[in-house]
Asks: 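Structure in structure tokens, see below.
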Amino acid sequence: MGDGEPLFKRVAIIGLGLIGGSLASAIRRHRLAGQVVGYDRRADELALGEELGVIDLAADSLEEAVRGSDLVVLAVPVRATRTVLAELKPFLDRDAVLSDVGSTKSSFVADVEAVFGDLSPHVIPGHPIAGSEKSGIRAANPELFANHKVILTPADNAHQPDVERLRALWEGCGATVLTMSVAYHDEVLAATSHLPHLIAFSLVDTLAGEDENMDIFRYAAGGFRDFTRIAASDPVMWHDIFLSNRDAVLRVIDHFTHDLDQLRSAIAAGDGAMLLRVFSRAKAAREHFTKMLSGQAYVTNNSEKQVTFRLQPGGSIRGDIRVPGDKSMSHRSIMLGALAEGITEVKGFLEGEDSLATLQAFRDMGVTIEGPEDGFVRIHGVGMRGLQAPRGPLYLGNSGTAMRLFAGLLAAQPFDSELTGDASLSKRPMGRVADPLRAMGAVIDTAEGGRPPLKIRGGHKLTGIHYEMPVASAQVKSCLLLAGLYAEGVTSVTEPAPTRDHTERMLEGFGYHVHRDGATASVTGGGKLTACAIDVPADISSAAFFLVAGSIASDAELVLRHVGMNPTRVGVINILRQMGADIEVLEEREIGGEPVADLRVRSAELKGIDIPEDQVPLAIDEFPVLFIAATCAQGRTVLRGAEELRVKESDRIRVMADGLAALGVETTVTPDGIVIDGGQEIGGGAVNSHGDHRIAMSFAVASLRATGPIEITDCANVATSFPSFVELAQQTGIQIRTEGGE
Ligand code: NAP
């Protein structure tokens, strides 16, 4: 095919109704074929097609239409397919591509096989997911397929160049083309299109038969009208569809009837909890679909969205802000609240994509969760033994914390489960939790290299162990303590260096005693959790970006409110103060077992230091932004003992060093850290964050001291950990704007 040459020389459209007419006119409008010939058994429709310019030529017979065409598309009702195929068979060119637009695909394949004896490689079934309740050529519209999906279901032996040409034809009509198997198509459509149509027909029919039918329709609200719009669809076409996709439709009807029966029983029995559970799960799922459809899904692969930060150099930092709630505590509040007895109310919940994914995962296991609304969530706890088997894999987005903590919880459940995550989470090692859990008696399969998905076999009894963690990790510790709640006897974990203790504190808050003795925390299995109220403090890891921004910018003064000051998290403050930062801790108080304070930061002359190794685990997430502080300091900063950083969302040390190099800053990477000579000029340039949110935000902070504009790519994940980052950065004085994503 040369430049400007159409995809097909002559296209025959058989059946010139809504779909056939729309396809013909789209092909003509976009000049995708040399000639478009139409054929319909209704001469008047055909003549009208020619008159309206839908087709180039109205064929008098099927023979005239098909002979010499290199693409033949059947757009007749599904029930007419076999007859039309039998009639056109003698005239079809050997190499002509044969396709259709029918709403069911197994039936088309069966018809082709019945007529031709086999499925030739030139047969490529298709189905545009576009249409309307109208039919006939008058309703034809060349833009009907624009921004809609078209599904092609080529067999394994299909002639690939034909598939590509047909794909190009539909794309030329403005559609997005998907390919899938015939069986999968019919299953998916049974659930997403056929069942809803059946329900709409049936509902309207039932109501029309009620005595008060006139009033029902007269007073029908907008919702009813929207919901029943599809009951105005062509009855004959739909009767075809149900008869030709019988098996898949029956399966999904059975499933739906079963669920409807359960709702009926719940209403009869006054089981409000069940109703609330189903409705809130459905509401969340609907919102999730809406986000997916508008390309903003929180549990689909975010890194597929391309978001770029663009920063102008310089600026100062001023203001009084509260950064979002702590992520670790938001996750844990849902987990423990779900397993507690009673209702747990959470304020300040971080509505980031990861914590929302955790919330959704518990909904999928039968927990009723209301909200979140402005950071408020109400969790109806089901008790330690009340979780139900989820219907499918639990998707945890980008969250390593969630995956490791869930592994501990789910290892002890009576049902099987599977944990999956996005591309970046799927690369992270899970052996460090799977191995000790196995030692407790859990049965867990991982993908190659101990990576997700984690397949957890339920129904295995766990026994308490003592575990000496080889590497300090709060996630591993928390995972084992959570499994320990279900294990027989005592589960104890000793850490080589202090790590975050939110799980221990929150367990205590829920009335579950955690014994702490130096570096060892232990729990005795078999207890219960009691619901409580939680006010999640602002996340110190999010505050860290602004602590560094306020320190390195000139003439800065910023107050950060209600920041969590858990002693296992304040490493960033200790390190920055040692570097000479001016950070005041105001109004120290304790909320729900966690210390909280307001922080005031002002510009300061920072100096390079040897970072004390005991502070490393207390600031593990803050190093990317601390590297920016080190670059702006006078003298050398040395980090050691931070191997952990190399297996985070990215090899954080390497990616930071590469980013700094892109801005003209030289560093030396060591196996367990980095050496940064401060006082180097930060130039402008392009930095790739490799999808690591903390790296993206750190370089945004670096712009305050840069000499030229900075572009940071692959920033979509910022929305997962710190949803209001860009807004707060702009508000305080960082000159940032985003591109893409929304
Ligand atoms: P339509 O507007 O009724 O058009 C079908 C046309 O084919 C009519 O003009 C019909 O004539 C003609 N026809 C029927 N039997 C024929 C035969 N043996 N030989 C030649 N022509 C014949 O229907 P449509 O909505 O375009 O649907 C066509 C196909 O598209 C169906 O298979 C349907 O499943 C599929 N589809 C429809 C939609 C939708 O929303 N409408 C969406 C996606 C896919 P008569 O009126 O005399 O029967």
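Quick caveat, the model's predicted, so the values are computed rather than measured. All heavy atoms count here, side chains included; hydrogens, waters and symmetry mates do not.
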Asks: Quick one: side chains of residues 195-209, donor-acceptor pairs under 3.5 Å with protein atoms, not counting sequence neighbours, listed by atom name and distance.
Replies:
residue: His197; atom: ND1; partner: Ser193; partner atom: O; Å: 2.8
residue: Thr206; atom: OG1; partner: Ser202; partner atom: O; Å: 2.7

Asks: Answer yes or no: is there a donor N or O on one side and an acceptor on the other, between the side chain of Glu508 and the main chain of Val514, under 3.5 Å?
Replies: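 Yes.
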
Asks: Counting only heavy atoms not in Gln388 (residues, nucleotides, ligands), do more than 12 fall under 6.0 Å from its CD?
Replies: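 Check passes, neighbour count above 12.
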
Asks: State the CG-OG1 distance between Leu350 and Thr358, to the nearest 0.5 angstrom.
Replies: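 The distance works out to 10.5 Å.
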
Asks: Less than 4.0 Å between a side-chain N and a carboxylate O, is that true for Asp354 and Lys327?
Replies: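 Yes.
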
Asks: Looking only at side-chain N and O atoms, does Tyr486 offer a donor or acceptor that is under 3.5 Å from a partner on Gln413?
Replies: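 Yes.
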
Asks: Do you know the tightest heavy-atom contact between His466 and Ser492?
Replies: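 For His466 versus Ser492, the nearest heavy atoms are ND1-OG, 2.7 Å.
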
Asks: Only one of Arg569, Arg694, Arg500, Arg322 clears salt bridge (charged side-chain N to carboxylate O under 4.0 Å, His left out) with Asp539; which?
Replies: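 Running salt bridge (charged side-chain N to carboxylate O under 4.0 Å, His left out) over Arg569, Arg694, Arg500, Arg322 with Asp539 returns exactly one hit, Arg569.
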
Asks: Taking C-beta and beyond as the side chain, do Pro372 and Leu356 meet within less than 4.5 Å on heavy atoms?
Replies: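 A side-chain contact exists here, since the closest heavy-atom pair is under 4.5 Å.
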
Asks: What heavy-atom pair brings Phe722 and Pro324 nearest, and what distance separates the two atoms?
Replies: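 Phe722 and Pro324 have their closest heavy atoms at CE2-CD, 3.1 Å.
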
Asks: Look at the side chain of Ser724 and the backbone N and O of Glu727, then say whether any donor-acceptor pair between them is shorter than 3.5 Å.
Replies: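 Flag not set: sc Ser724 to bb Glu727 has no pair under 3.5 Å.
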
Asks: If every non-hydrogen atom of Gly348 is compared with every non-hydrogen atom of Ser330, which pair is closest and at what distance?
Replies: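 It is O-OG, 4.5 Å.
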
Asks: Are the side chains of Val718 and His693 in touch, meaning some heavy atoms are under 4.5 Å apart?
Replies: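 The answer is yes, as the side chains (C-beta and beyond) meet within the 4.5 Å cut-off.
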
Asks: Donor-acceptor pair, distance only, cut-off 3.5 Å: does the side chain of Thr446 make one with the backbone of Pro452?
Replies: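 No.
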
Asks: Donor-acceptor pair, distance only, cut-off 3.5 Å: does the side chain of Ser473 make one with the backbone of Val476?
Replies: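 Checking the backbone N and O of Val476 against the side chain of Ser473, a donor-acceptor pair under 3.5 Å is found.
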
Asks: State, yes or no, whether a side-chain contact exists between Leu359 and Phe349 at a heavy-atom distance under 4.5 Å.
Replies: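 They are in side-chain contact.
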
Asks: Kindly state each residue pair satisfying side-chain hydrogen bond (donor to acceptor under 3.5 Å, both in side chains) with at least one member in residues 242-252, sequence neighbours excluded.
Replies: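 side-chain hydrogen bond (donor to acceptor under 3.5 Å, both in side chains) check on residues 242-252 returns Thr104-Ser244, Glu187-Arg251, His194-Asn245.
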
Asks: Heavy-atom distance under 4.5 Å between the side chains of Leu480 and Tyr467, does that happen here?
Replies: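 Yes; the side chains approach each other to less than 4.5 Å.
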
Asks: With distance as the sole test, does Asn717 use its side chain to make a donor-acceptor pair with the main-chain N or O of Gly691 at under 3.5 Å?
Replies: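 Indeed, once roles are kept as given, a pair shorter than 3.5 Å links the two residues.
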
Asks: May I have the step-by-step check of side chain to side chain contact (heavy atoms under 4.5 Å, CB included) for Val433 and Ile444, ending in yes or no?
Replies: CA-CA 10 Å; Val433 290; Ile444 301 179; over 6 Å; no

Asks: May I ask you to check whether over 12 heavy atoms, not counting those of Arg457, lie within 6.0 Å of atom CZ?
Replies: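 No, the 6.0 Å shell around CZ holds no more than 12 heavy atoms from other groups.
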
Asks: Testing the basics here: between Ala357 and Gly397, what is the closest heavy-atom pair and its distance to 0.1 Å?
Replies: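 Shortest heavy-atom separation between Ala357 and Gly397 comes out as CB-N, 4.3 Å.
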
Asks: Report the C-alpha separation of Phe415 and Leu387 in whole Å, then their side-chain angles, then the decisive distance to 0.1 Å, and conclude whether the side chain to side chain contact (heavy atoms under 4.5 Å, CB included) test is met.
Replies: CA-CA 9 Å; Phe415 49 80; Leu387 294 181; 3.9 Å; yes

Asks: Would you mind reporting whether Ser103 and His127 have side-chain heavy atoms less than 4.5 Å apart?
Replies: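 His127 vs Ser103: side chains touch.
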
Asks: Between the main-chain N or O of Leu396 and the side-chain N or O of Ser399, is there a donor-acceptor pair closer than 3.5 Å?
Replies: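 No, the answer is negative, given that no donor and acceptor are paired below the 3.5 Å cut-off.
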
Asks: Check whether any side-chain heavy atom of Met430 lies under 4.5 Å from a side-chain heavy atom of Arg451, and answer yes or no.
Replies: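 No, every pair of side-chain atoms sits at 4.5 Å or beyond.
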
Asks: Take a 6.0 Å sphere around CG of Asn147 and say whether it holds more than 12 heavy atoms from other residues, nucleotides or ligands.
Replies: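 Incorrect, the count does not exceed 12.
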
Asks: Hey, mind stepping through Cys479 and Leu437 against side chain to side chain contact (heavy atoms under 4.5 Å, CB included) and telling me if it holds?
Replies: CA-CA 8 Å; Cys479 162; Leu437 284 173; 3.7 Å; yes

Asks: I need the full list of salt bridge (Lys or Arg N to Asp or Glu O under 4.0 Å) pairs touching residues 405-415, with sequence neighbours left out, sorted by first then second residue.
Replies: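 Found none.
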
Asks: Strictly by salt bridge (Lys or Arg N to Asp or Glu O under 4.0 Å), give each pair with a member in residues 259-280 just once, sequence neighbours left out.
Replies: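 For residues 259-280, and leaving out neighbouring residues, the salt bridge (Lys or Arg N to Asp or Glu O under 4.0 Å) pairs sorted by first residue read Asp259-Arg391.
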
Asks: With side-chain contact (heavy atoms from CB on, under 4.5 Å) as the test, pick out the partner of Lys477 among Asp501, Thr503, Leu482.
Replies: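 Between Lys477 and the candidates, side-chain contact (heavy atoms from CB on, under 4.5 Å) is satisfied uniquely by Asp501.
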
Asks: Which residues pass the side-chain contact (heavy atoms from CB on, under 4.5 Å) test with Pro595, not counting sequence neighbours?
Replies: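 Testing Pro595 for side-chain contact (heavy atoms from CB on, under 4.5 Å), a comparison that skips the adjacent residues, returns Arg505, Met565, Pro567.
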
Asks: Find the distance between CG (Leu507) and CE (Met335) and round it off to the nearest 0.5 Å.
Replies: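 Rounded to the nearest 0.5 Å, the CG-CE separation comes to 11.5 Å.
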
Asks: Taking side-chain hydrogen bond (donor to acceptor under 3.5 Å, both in side chains) as the criterion, tell me which of His331, Arg332, Gln475 meets it with Thr401.
Replies: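 Exactly one candidate clears the test, Gln475.
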
Asks: Could you check if a side-chain atom of Met506 sits within less than 4.5 angstrom of a side-chain atom of Ile534, using non-hydrogen atoms only?
Replies: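 Yes, side chains in contact.
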
Asks: May I ask you to check whether over 12 heavy atoms, not counting those of Phe376, lie within 6.0 Å of atom CZ?
Replies: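 It does: Phe376 CZ has more than 12 such atoms within range.
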
Asks: Identify the heavy atoms of Val563 and Ala543 that sit nearest to each other, and give their distance.
Replies: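 Scanning both residues completely, I find the closest heavy atoms to be CG1-CB, 4.2 Å.
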
Asks: Taking the side chain as C-beta and beyond, is there a heavy-atom pair between Ile456 and Glu418 under 4.5 Å?
Replies: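 Not touching, per the 4.5 Å side-chain cut-off.
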
Asks: Taking it one step at a time, do Val377 and Ile334 satisfy side chain to side chain contact (heavy atoms under 4.5 Å, CB included)?
Replies: CA-CA 9 Å; Val377 181; Ile334 299 295; 4.1 Å; yes

Asks: With a 3.5 Å distance limit and no angle check, can you tell me whether Ser355 reaches the backbone of Glu351 through a side-chain donor-acceptor pair?
Replies: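 It does not hold such a pair.
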
Asks: Return yes if some donor-acceptor pair links the side-chain N/O of Tyr512 with the main-chain N/O of Gly527 below 3.5 Å, else return no.
Replies: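 Confirmed, Tyr512 side chain pairs with Gly527 backbone.
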
Asks: Restricting to side-chain hydrogen bond (donor to acceptor under 3.5 Å, both in side chains), what partner residues turn up for Glu488, sequence neighbours left out?
Replies: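 Per chain and number, Glu488 pairs via side-chain hydrogen bond (donor to acceptor under 3.5 Å, both in side chains) with Lys461.
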
Asks: Working note: His502 + Ser328, criterion side chain to side chain donor-acceptor pair (under 3.5 Å); need CA distance, chi angles, decisive distance, verdict.
Replies: CA-CA 7 Å; His502 298 302; Ser328 315; 4.5 Å; no

Asks: Might you point out which heavy atoms bring Leu425 and Asp422 nearest each other, and give the distance in Å?
Replies: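 That closest heavy-atom pairing would be N-OD1, 2.8 Å.
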
